[in-house]
Protein chains: 2
Amino acid sequence: MTGQVRTVDGRVAGRRGQETRQKLLDCLREMLSTSPYRDVKVIDVARMAGTSPATFYQYFPDVEGAVLEIAEEMAKDSVELKELIDGKSWAGKSGATTSEELVDGFLAFWRKNDAILRVVTLGAAEGDKRFFKIRMTVLNSVAKPLADAIKELQAKGQADKAQDAAAVAGSLISLLASAAEHQKAFTSWGVKVKDLKPTLAPLVYLGITGKKVPR
Amino acid sequence: MTGQVRTVDGRVAGRRGQETRQKLLDCLREMLSTSPYRDVKVIDVARMAGTSPATFYQYFPDVEGAVLEIAEEMAKDSVELKELIDGKSWAGKSGATTSEELVDGFLAFWRKNDAILRVVTLGAAEGDKRFFKIRMTVLNSVAKPLADAIKELQAKGQADKAQDAAAVAGSLISLLASAAEHQKAFTSWGVKVKDLKPTLAPLVYLGITGKKVPR
DNA sequence: CGGTAAGCTGACGGCATGACAGGACAAGTT
DNA sequence: AACTTGTCCTGTCATGCCGTCAGCTTACCG
């Protein structure tokens with residue numbers, strides 16, 4: 001699919017080149033997590049990687065191009081998220097467990113990729129199609145299987161058929177994403193981080209099954 | 001409270017100065033809604049306002065400073081949002097209406113201030129205290145009265161007392177905020193924008209009362 | 001009309017960007 | 001070991017934006 005790694009001017013990158021390229025990506029990722037996106041400069045990334053700005057431009061058209069690369073790597077990792085839904089049960093108490101694990105797993109993934117997801121989210125919100133697509137890949141890795149699960153429940157009469165499964169799944173995933181992005185906000189509302197899961201999980205359960213969590 | 005408007009070097013701005021300042025803010029707002037935040041340059045804003053970059057720096061320390069100004073204006077407007085909750089009833093059918101109006105009003109506000117809220121959200125996510133505070137002001141204008149409403153319901157035994165009212169209110173407002181920010185995402189899930197309200201409103205109702213929407 | 005403070009800008013040093021040509025280097029060939 | 005070839009890196013340069021300052025213009029007031 002991706003073929004070989006190429007430089008901006010079309011050369012094929014060899015072993016050494018790929019190492020340099022990767023080091024630049026790593027340093028950029030590091031920079032993104034320590035300074036505002038707007039202030040990330042090519043020269044800083046290059047300096048941190050022990051190389052020169054010119055080298056950076058050998059491998060990436062600009063900062064955004066390199067960020068996209070990092071984001072795509074992350075998007076690939078996001079396939080693991082569908083394991084949070086696939087083969088899980090939503091019936092009774094096990095349903096409550098499923099929704100707790102979903103919340104936990106999703107928040108953990110977001111926390112792990114905090115910095116890059118922030119930039120992806122901004123790019124998507126600004127209407128950049130490439131970032132938008134990446135964000136959708138990540139969210140879909142959960143939203144798609146979740147929508148399927150809801151449809152299945154609806155078929156079995158265990159969920160409200162009047163609700164659009166895709167819309168419900170999307171809303172709930174949005175909820176998780178925004179909670180993940182703004183954990184700090186909750187703290188300032190006087191909500192401890194450990195209270196977050198017990199709050200989100202019932203909401204998810206409620207949204208999907210339309211029933212209160214069993215005790 | 002704010003006293004007089006002052007230039008960066010301490011002079012008091014007069015009529016003409018305030019006009020220029022305002023024109024710069026207006027142009028910046030315009031730029032934010034048409035190009036990526038990262039690419040907004042002082043020189044472009046100044047050019048659009050028919051003045052010079054030096055003038056911009058008379059009134060604002062940098063682009064971020066000016067953005068903060070715009071954001072603060074918007075935060076003031078957000079007090080109107082509390083009308084979406086205050087004095088509304090959550091009982092029975094009127095509760096369903098309340099939650100629909102809440103969703104509608106909130107989404108409309110977010111849409112109206114789309115561009116600036118995007119930047120505020122990014123700044124907050126990156127840990128900038130000033131942006132964070134502004135975001136909290138906006139969200140609190142709904143979350144606070146909502147939490148109060150939930151507490152009242154709990155006292156009357158019409159809502160689950162085991163739930164932390166502030167946490168529930170926060171989660172629901174987060175849900176609305178993220179849905180507002182990513183309306184495009186829903187479209188790509190095959191969810192029409194008009195389906196969004198009928199999906200979100202029951203979720204809100206459900207989250208607050210713990211009951212299914214009455215028909 | 002002169003004084004004073006507000007308002008604006010040209011010009012400048014500094015730094016990031018992005019392009020290129022050429023030197024350094026590794027690996028294989030003779 | 002010298003040579004060749006293709007990869008890889010960097011010095012350098014033109015360009016353009018940033019952020020500051022001195023100094024000019026404008027408005028107001030006694």
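Quick note on labels: first sequence line is chain A, next is B, and so on, each numbered from 1.
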Touch class at under 4.0 angstrom, heavy-atom based, for [X] against every strand present:
X     : result
B/Y59 : sugar-phosphate
B/T51 : sugar-phosphate
B/R11 : base

Between [N] atom [atom2] and [X] atom [atom1], what is the distance in whole Å?
X     : N      : atom1 : atom2 : answer
B/Q22 : C/dG7  : CD    : C1'   : 17 Å
B/R47 : C/dG10 : CZ    : P     : 13 Å
A/E64 : C/dT17 : CD    : C1'   : 15 Å
A/K41 : C/dC15 : NZ    : P     : 13 Å
B/F56 : C/dG10 : CZ    : C1'   : 19 Å
B/E19 : C/dA6  : CD    : P     : 17 Å

- Item | Under 3.5 Å: donor-acceptor pair, side chain of B/S174, backbone of A/L175 | no
Problem - Exam field: side chain A/N140 to backbone A/A143, donor-acceptor pair closer than 3.5 Å - result: no
cation_pi(A/R118, A/Y37) dist<6.0 Å, angle<=45:
no
| query | Got a sec: does the NZ of B/K88 have more than 12 other heavy atoms crowding it under 6.0 Å? | reply | yes
Only one of A/K133, A/E72, A/R135 passes side-chain contact (heavy atoms from CB on, under 4.5 Å) with A/V120, and that residue is A/R135
**Asked** Does a salt bridge link A/K41 with A/D44, judged by any charged N lying under 4.0 Å from a carboxylate O?
**Response**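 Result for this pair is no, no salt bridge flagged.
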inquiry  = Using heavy-atom distances to pick each residue's nearest nucleotide on DNA chain D, tell me which of B/I43 and B/R15 is more 5'.
reply    =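 Upstream on the strand: B/I43.
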> Phosphate oxygens OP1/OP2 of C/dT9: is one of them under 4.0 Å from a side-chain N or O of B/T55?
Replying inline: yes
Each nucleotide N or O in nucleotides 19-23 of chain D that has a protein N or O under 3.5 Å away: list the pair and distance.
| residue | atom | partner | partner atom | Å |
| --- | --- | --- | --- | --- |
| D/dG19 | OP2 | B/Y57 | OH | 2.6 |

Q. Is there a donor in the side chain of B/Q58 and an acceptor in the side chain of B/R11, or the other way round, less than 3.5 Å apart?
A. yes
